[in-house]
Amino acid sequence: EHEQPVSAQLDFSLRKDIVAVQKIQFAYRRFVHNRSERISAATKIQSHWRGFTMRMCFTKQVEAIIVIQSVARHNLCSWAFRRYHNAALDIQRIARGCFARKRLLG
């Protein structure tokens, strides 16, 4: 029976250790890569959620601005209408008074 020399036995033992170390390194690198993918996925979800909530907040703000502007326009228009209406009433009052005096004085 032929026995391997001690250096060959050590070399085989060393190769087993190297293979074991390589497997451990590969597993660790895969773990780190998967972890970074999970983190980036979580970051993407958070980013999309924040964007969605900001768009909803912006939409609500725009709707509030529209309501404020419509109320302001309504107030301005009603104020102008009252002013013109009162001016028309003054003109009518003066004209009716003038016609009534002409009728009385004949």
Kindly state each residue pair satisfying salt bridge (Lys or Arg N to Asp or Glu O under 4.0 Å) with at least one member in [range], sequence neighbours excluded.
{"range": "residues 80-95", "answer": "Asp90-Arg93"}
{"range": "residues 97-106", "answer": "none"}
{"range": "residues 48-57", "answer": "none"}

Looking at [atom1] of [X] and [atom2] of [Y], how far apart are the two atoms once the value is rounded to the nearest 0.5 Å?
{"X": "Gln22", "Y": "Arg29", "atom1": "CD", "atom2": "CZ", "result": "9.5 Å"}
{"X": "Leu89", "Y": "Tyr84", "atom1": "CG", "atom2": "OH", "result": "15.0 Å"}
{"X": "His48", "Y": "Lys44", "atom1": "NE2", "atom2": "NZ", "result": "7.5 Å"}

Which hydrophobic side chains are connected to [X], either touching it within the sub-4.5 Å cutoff or through other members that do?
{"X": "Leu76", "value": "none"}
{"X": "Phe26", "value": "none"}
{"X": "Phe52", "value": "Trp49, Met56"}
{"X": "Ile66", "value": "Phe58, Val62"}

### Query
Taking only residues two or more places apart in sequence or in another chain, which ones pass ring pair (Phe, Tyr, Trp, His ring centres under 6.0 Å) with Phe31?
none
### Task
Could you tell me which residues satisfy side-chain contact (heavy atoms from CB on, under 4.5 Å) with Asn34, sequence neighbours excluded, listed by chain and number?
Arg30, Glu37, Arg38
### Query
By side-chain contact (heavy atoms from CB on, under 4.5 Å), which residues pair with Glu63, not counting sequence neighbours?
Thr59
### Summary
Those residues at least two apart in sequence (or on a different chain) that pass side-chain hydrogen bond (donor to acceptor under 3.5 Å, both in side chains) with His74 are none
### Task
Among residues two or more places apart or on two chains, list those pairs meeting ring-ring contact (aromatic ring centres under 6.0 Å, His included) that have a residue in residues 86-106.
none
